[in-house]
Amino acid sequence: MYILGFESSCDETGVALVHTEKGLMAHALHSQIDMHKAYGGVVPELASRDHIRRVVPLTRQVLQQAGVSLAQVDAIAYTAGPGLNGALLVAASVAQALAWSLDLPAIAVHHLEGHLLSPLLAEPAPSFPFVALLVSGGHTQIMRVDGVGQYELLGETLDDAAGEAFDKSAKLMGLPYPGGAHLAKLAQQGDANRFQLPRPMLHSKDFDFSFSGLKTAVLTTIRKLEASDALDQQALADLAASVQAAIVDVLGKKAIKALQATGLKRLVVAGGVGANQQLRQYLHAQMQKLRGEVFFPPLNLCTDNGAMIAFAAAQRIRAGLIDLQDPALRTYQFKVQPRWDLTQV
Ligand code: KG4
Ligand code: ZN
């Protein structure tokens, strides 16, 4: 069964074709990073307009790549939230219109469920149950996952997300948007021990996080360096390494703590920050010590993409959570949900 999936919740337009048995057939992506760079962050109105421009050509590209025609598609999936309202409306309306015109079921997918299940697109794929560390630009959560649709929130950030902490620190350091990958690159030349940055809630008894204090510490450090005329390239690299170390330390230790508390041996990391090599190395080393396993999505599917959306719909169908004959999937009336709790899916 072929599922065509659409993603437009933020600054990436993603389209993909997934087969319920054969897996990912083709996917195409357009990133708006170059467009938003000049503004230092995502401009929602520009994002929506660009999604509109990209979505149809990307769809043609995917179908052509897969050698599959629209007539062969069995269901249409799209991100219904969370995300930017106007941006979400693009994938939602295109998917619903396409489904209506082809008389196909239209499936609303939760963006974070897409991220959460994306490590199952890699080889080897983790089996259930596992602990998931979901680290994106907008969310930081630890979940216990017992199966598709069985998600229990163990902890989450009380303020900034981990990706946001990377991005805001990077911005203060004058790095381009989105700063996570730029900061990580600069950190390669830095000494992570030079600046002692806060690791809030590291020793709290729960699995919650707080990252908002980090940007204040980064700002204070920059001001001090400026005042003593010591803000050179090496200082910036050392600061980048220290920021990365602080974020990786908190994420890594809390994730391990959640594994120990649940008694599970498998950890799955998903979302844009899952692309961070330092986090990957730290968790690989820790899990080896604990005789457990850690799984990541394929590197190119860590950040937003259409593949994870089509794939999440396919997993729900396979798990029997979606009945394609359900008339509710053929009303072609819809709303998007800029705020949406994953445990409510
Ligand atoms: O999952 P994602 O594409 O978007 C959301 O759904 O939010 O994640 C984007 C986030 C950004 O904050 C970006 O800076 C961060 O992932 N990111 C990284 C790296 N690559 C992307 N953070 C740290 N290291 C990286 N290599
Ligand atoms: Zn995302």
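A quick note: this is a predicted structure, and the numbers were derived from the prediction, not measured. Both counts, for ligands and for their atoms, begin at 1 and track the order of listing.
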Whether D238 side chain and D191 backbone form a donor-acceptor pair below 3.5 Å: yes
Polar proximity ligand 1 side, G272 side, N/O cut 3.5 Å exclusive: yes
Salt bridge flag under 4.0 Å for residues D34 and K37: yes
Heavy-atom proximity to atom 24 (N) of ligand 1, best of T303, N276, D304: N276
Student check: side-chain heavy atoms of Y151 and Q344 closer than 4.5 Å: no
No-hydrogen, no-angle side-chain donor-acceptor test under 3.5 Å, K168 and S212: no
Protein-derived N, O or S atoms lying under 2.8 Å from the Zn ion (ligand 2), waters excluded: 3
Side-chain touch M143/V131, heavy atoms, less than 4.5 angstrom: no
Test side chain to side chain donor-acceptor pair (under 3.5 Å) applied to T13 and R53, H51, E7, the passing residue: H51
Neighbour count >12 (heavy atoms, 6.0 Å) for atom NZ, K171: no
Proximal atoms of ligand 1 relative to H111 (non-hydrogen, under 4.0 Å): 6 (O)
Side chain R266, main chain P129, donor-acceptor under 3.5 Å: yes
Contact with ligand 1 for C10, non-hydrogen, under 4.0 angstrom: no
Donor-acceptor under 3.5 Å (Q32 side chain, A47 main chain): yes
Parallel, tilted or perpendicular, as decided by the 30° and 60° cut-offs, for the rings of H115 and H111: perpendicular
Contact atoms of ligand 1, heavy-atom distance to G138 under 4.0 Å: 7 (O)
Geometric class of the F296/H284 ring pair [parallel <30°, tilted 30-60°, perpendicular >60°]: tilted
H115: numbered ligand 1 atoms lying under 4.0 Å from its heavy atoms: 1 (O), 6 (O)
Part of Q277 with heavy atoms under 4.0 Å of ligand 1, whether side chain, backbone, both or neither: neither
4.5 Å side-chain heavy-atom contact, H30 and D50: yes
Side chain, backbone, both or neither: D167 near ligand 1, heavy atoms under 4.0 Å: side chain
Residue and atom name of the nearest protein heavy atom (relative to atom 22 (N) of ligand 1), distance in Å to one decimal: G180 CA, 3.6 Å
Identity and distance of the protein heavy atom lying nearest atom 9 (C) of ligand 1: G137 N, 3.7 Å
Backbone or side-chain N or O of G163 under 3.5 Å from ligand 1 N or O: yes
Proximity of H139 to ligand 1 by residue part, where a heavy atom lies under 4.0 Å: neither
